[in-house]
Every structure is written in structure tokens, then in C-alpha cells.
2 protein chains.
Amino acid sequence: MKPATTLRPERERCADCLIRHRAVCSHCGPAELEFLDAIKSYRTFKPGEEITAMGQETDFLGSVVNGVVSLSRILADGRRQMVGLLFPSDFIGRPMRAQAPFDAIAVTDVKLCIFSRPRFEALLRDTPSLESRLLEMTLDELDAARDWMVLLGRKTAREKMASFFLLVARRLAAVARAELRDGVELELPLTREDMADFLGLTIETVSRQISALRKAGAIELTDARHMRIPDIAALAEIAGDDDDGGMID
Amino acid sequence: MKPATTLRPERERCADCLIRHRAVCSHCGPAELEFLDAIKSYRTFKPGEEITAMGQETDFLGSVVNGVVSLSRILADGRRQMVGLLFPSDFIGRPMRAQAPFDAIAVTDVKLCIFSRPRFEALLRDTPSLESRLLEMTLDELDAARDWMVLLGRKTAREKMASFFLLVARRLAAVARAELRDGVELELPLTREDMADFLGLTIETVSRQISALRKAGAIELTDARHMRIPDIAALAEIAGDDDDGGMID
DNA sequence: CGAGTTTTTGAATGGTCTCAACTGGAGTGG
DNA sequence: CCACTCCAGTTGAGACCATTCAAAAACTCG
């Protein structure tokens, strides 16, 4: 398949990219894609590694190709709140503002497809298909952030946990391009501490609620990180959303 | 009711618009502005009036000219959480998605400058200065939503109230194009109930925290709706935000 | 003034947090 | 193989903050 003459055998092409159909570049035509191909690069991060730090200038923007990234903010006394959770195809970075408004940390092994900030911002100005897709994605993220605000402001610890499991299940299913159905098994990408920071709880409360949901039969656990949802609708009921629960993918 | 004495007695022109420098149209040139002038219209709402309802199709988009609009979502059992608070120059509506994801309610007398949805969406495609400004505003709203998530997830009732007063003071000062300084007086646009829904609290807790802040001298009240902030920095201290960029290790 | 509404205040309850101890698995080395 | 540490997660007991329920006070507007 590969031409023997190739100089960079491991070079990934945009056309073959697994997240192409959902990422910021998904509306680009062949010519635009070829240009992106030429200027993109990849970077990987280990779990726990800092990708950008709050208040620090970041010189790149890009897409999550593999893994999960958390965005979080820390108050002066150390309290932490997660404000975003990025899955493959999500966009990372804040265009038109060099200073990162939040910490971005790899929660699993992460691979990013990145562009230098000035190059990407110039591209954005010249490429309507990029800009309109980014607007669309930003609007979706805003919707998701607002659903999350409802969770943080008004839901009980039990409801928060149930909502969280559904959110992860939906996102992982979307990444795998699979239907979400009863009996799904999933690997939780977050530690108890990360979940607590996501949900505005403490790790103890997270742990207690997981135990309670397990005893109630709403979830099944093989170990701390691997779970199974026997009945999606039942879990959604516990989550307290009025119907399908929002949480935009 | 309306006297038809003059041809265009109350016709407002975009060029004279008070929110022009901050609204979605702020990057438009004279020709674009003239076009907007021709297709825009105004609509007013009374306090408490519903502007759009969750799940309902909305046929317009636009800008808040006067007043304050709340965006909120209600859970199945009636718990309500505010997820957005719009001031003059803020954009209202969800481009590229006809179904409103949240309730929008006028909290004061409100005047909107609106465009029909199909017309505005077509305009967006053809007018880069509109689209890029909308992207910028959406990114800012996302940042604001994330700050708000920190408040909802990790702040105490006291900190929430202090943060809220600062937010309102900042937004009203920005609208008035005034500097925010010690001794500002402001009229709270929200009822205690609205504040509670904004902050993820109950009205009783809101009331108690206001009383406590008053007794502590952090705020002064003439009546339930009119207040004065004698010392911005002191209130910011109570709000718990790290003031100087958050570079603490 | 009285009726209705909003806001404030009080007392008791309860959900989540804090502090603390325990469990279990992974890795290390004797 | 066991003993040991280390770390993430779990469980328990008590404290505390915000909620709930209840009632009084203040304000609005006929």
C-alpha cells in the first residue's frame, strides 16, 4: 500500500484520520486538508501531564486525537473544579486569546494534532469552512457547559454520579461510532479524585455514591475502573434529567 | 394606539445604536450595517415574560438592547438552574439550531433587536465580520460559563453571593461604559428567587447571606433592590477568586 | 387600610464534608 | 513465598453548612 519511496513512513495523513468526521477540520475540502496536512504536527502526553497551565501563554491549538483531557480551574486555597472534559475530536485551545484561561491536563495517554497559534489563527481568517465549524463546535460546547451547570447547581450527589456515567458512556460510544445500549461496558478514564473535581464533590462522596448505585443494581463494577450499565433508561431516571438528558456530544 | 403622524418617527438607526460597539454587529462595515438596518426589527418584553421556551422552535435571533434576560433550565421535578444572564449587547438565540435548548425569560423590561432566523443564518454565511464576531462572543460566553461552573461546584454560599454582586457590578459598569470603582451603587435586576436559581441556592440562603454581608460591612443596602459596594477589593476577597492571575504553586 | 407578594428571620433536619481508619492491589525486595 | 510499602479506593463517625419548614416582617398596590 505504502510507496516504498516515502521518507516518513509513519506520517499520518488527514484523509485517513479517525476523527476527521467530527473534528474542527471536518468541513474542509481536499485542498484545505492538504494544507493542514503540511502544517500539522502531533504531540503526546502521559497521564497527569500538564498540557497548558492557567494564565500561561500557549503557542498551539489543535484537536484531541486519542485519550481524554481535563480542563480545570483552581481557587486560591486549592479547591479545584473541572470545567471541561475533552474526548477525541474535541478542540483544545482558545483561539484569539494566547493566555490559557484554565489548566489542561492529560487524564489518560493523550495524542494531540496541533497547529502553531499564529498559523491557525491566520488559517481561521482565510478559511470559512474552518471558522464555521469551530463556531458550531463552540456553540455545542457552550450547550454542554450549561447542562453541566444544571448538574453542579441543582443535582444531588447520586444524580451527579448517574449523570456522569451516562455522559462518559455517550461520549465513548460516539468516539467508537457505536450505538449506546443496555449492557454497555466501559472503562472510566477518570480517577475518583478527577470525578469529584468534575462533579463538585469530594472523593469520599463519589466513592459512597458509586457503592450505593452498585448496591441498587444501577451499575455493575468489575474493578474500580471497569463498569457495566445494565439499563440505560433506569440510570437516566436516577440522573434526574427530564428526558434524554441533554449533554451534547 | 400608535399615532401615524410622521413616516419614521421612532426608527432607530444602527449607526446611532448604543450597543453597536459591543454587539454581534460591532465588526460590520457601513454597507453591512445598512443592510442590517433594513432587515432588523425590535421587540419588547415585560418582566417575567417568556422570550423562548425550552424545546420550542424559535424563529428569530438577535441582540439585547435594553434590560436583562435570564436563560434557565428546569429539571423534571421543578428545580431550576439559571445557565446564562444576558445584558445589553449580548447575543440571544442559538444559530444553526432552531430548537431552543433553554428557557429565556425577561427579568426586567427588555428590548431586543432581532432578525429572522433564516435571514440571519444566511447573513452569517456571507458575512465573515459577523461570523468572526459571533465566534469571539461565543468563546467569551464559554469562558464565563466555565467561571460560573467553578462558582457552582466549589464556592460557599457567602462566596457565591459576593461573586454575584461583583459580576453584576462589572456588567452594569461595562454597559454604562463606566469604570468600576469603590462606592458604586447598583440596582439588582434579579429577585431573590432569580439570584437563588442563578447561584444554585435557596432564596432563604440568599437572603441570609445578604444580611450577613451587610452586617460585615461588605455591602450596603438601601432597600432590597438597591445596593452599594464600598470596597471592591474587599468584596473580591470574600468572593474567593485569586485576584492576580492565579499564579500560585 | 387590608390582601397579596416578597423578603427576612428562626429552628430543626439532613446531605455532604471532614477527619480518620481500613482494604486491596501493584510493585519491591528479602 | 512472604513481608513491606505505596497508593487509590472504601467505609465509618461526627461536624457543619445549606436546606426545609414555619412564621414574622416589609413592601406593593388596590
Side-chain angles (χ1 to χ4, degrees), chain A residues 46-48 70 75 77-81 105 107-108 151-165 187-216 219-227 238 240, chain B residues 46-48 70 75 77-81 105 107-109 151-165 187-216 219-227 238-240:
Chain A
K46 294 260 165 243
S70 73
L75 293 177
D77 60 1
R79 282 173 288 176
R80 195 169 85 108
Q81 174 64 53
I105 297 170
V107 297
T108 63
L151 178 152
L152 290 171
R154 292 301 185 197
K155 288 193 178 178
T156 64
R158 177 77 47 98
E159 292 169 330
K160 286 179 175 182
M161 287 310 313
S163 301
F164 169 72
F165 290 140
E187 183 177 348
L188 294 173
L190 304 188
T191 63
R192 298 294 188 263
E193 186 174 13
D194 287 333
M195 291 187 230
D197 288 339
F198 184 102
L199 299 169
L201 298 171
T202 58
I203 54 173
E204 295 95 331
T205 299
V206 167
S207 187
R208 274 186 253 273
Q209 294 304 331
I210 290 178
S211 298
L213 287 172
R214 190 170 47 68
K215 276 171 196 148
I219 59 173
E220 292 160 19
L221 292 179
T222 55
D223 63 53
R225 290 297 193 102
H226 294 82
M227 60 176 289
I238 295 172
Chain B
K46 295 261 164 244
S70 73
L75 293 178
D77 59 0
R79 283 173 288 175
R80 196 170 84 107
Q81 175 64 52
I105 297 169
V107 296
T108 64
D109 276 301
L151 177 151
L152 291 172
R154 292 301 186 196
K155 288 192 178 178
T156 63
R158 179 76 48 95
E159 292 170 329
K160 285 178 176 182
M161 285 310 312
S163 301
F164 170 73
F165 291 139
E187 183 178 349
L188 295 173
L190 305 188
T191 63
R192 298 293 187 263
E193 186 174 12
D194 287 333
M195 290 186 230
D197 288 339
F198 183 103
L199 299 169
L201 298 170
T202 58
I203 54 174
E204 295 96 328
T205 299
V206 166
S207 187
R208 274 186 253 273
Q209 294 303 331
I210 290 178
S211 297
L213 287 171
R214 191 169 48 68
K215 276 173 195 147
I219 59 173
E220 293 161 17
L221 291 180
T222 56
D223 63 51
R225 290 296 193 102
H226 294 83
M227 60 175 291
I238 296 171

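All values derive from a computational prediction rather than experimental measurement. Throughout, protein chains are lettered first and strands after them, A, B, ... in sequence-line order, and every chain is numbered starting at 1.
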Closest nucleotide of DNA chain C for B:Leu190 versus for B:Arg208: which of these residues is on the 5' side?
-> B:Leu190
Nucleotide D:dC27, atom P - distance to CG of B:Leu188 in whole Å | 15 Å
What distance do A:Thr156 atom OG1 and A:Leu201 atom CG have between them, rounded to the nearest 0.5 Å?
-> 9.0 Å
Nucleotide C:dT7, atom P - distance to CZ of B:Arg225 in whole Å = 6 Å
Calculate the interatomic distance between A:Asp223 atom CG and C:dA26 atom P; express it in whole Å.
-> 9 Å
With side chain to side chain contact (heavy atoms under 4.5 Å, CB included) as the test, would you mind laying out the steps for A:Leu152 and B:Gln81 before giving the verdict?
-> CA-CA 9 Å; A:Leu152 290 171; B:Gln81 175 64 52; over 6 Å; no
Minimum heavy-atom distance B:Asp194-B:Arg80, with the two atoms named | OD1-NH2, 3.0 Å
Measure across A:Leu213 and A:Arg158 and return the closest heavy-atom pair with its distance rounded to 0.1 Å.
-> CD2-CD, 3.4 Å
Protein-nucleotide distance (B:Gln209, atom CD; D:dC16, atom C1'), rounded to Å | 13 Å
With a non-hydrogen cut-off below 4.0 angstrom, is A:Ser207 in contact with a base, only sugar-phosphate, or nothing?
-> base
When rounded to whole Å, the CE to P distance for the pair B:Met195 and C:dT7 reads 7 Å
Separation of D:dC27 P from B:Leu221 CG (nearest whole Å) | 12 Å
Would you name the heavy atoms of B:Thr191 and B:Arg225 that are closest together and state the gap between them?
-> CG2-NH2, 3.2 Å
Which of residues 196-205 of chain B have a heavy atom under 4.0 Å from DNA chain D?
-> B:Gly200, B:Leu201, B:Thr202, B:Glu204, B:Thr205
So do the side chains of B:Met195 and B:Gln209 get within less than 4.5 Å of each other, counting heavy atoms only?
-> no
d(CG, B:Asp77; C1', D:dT20) in whole Å = 15 Å
How close or far is atom C1' of D:dT19 from atom CZ of B:Arg192, stated in whole angstroms?
-> 18 Å
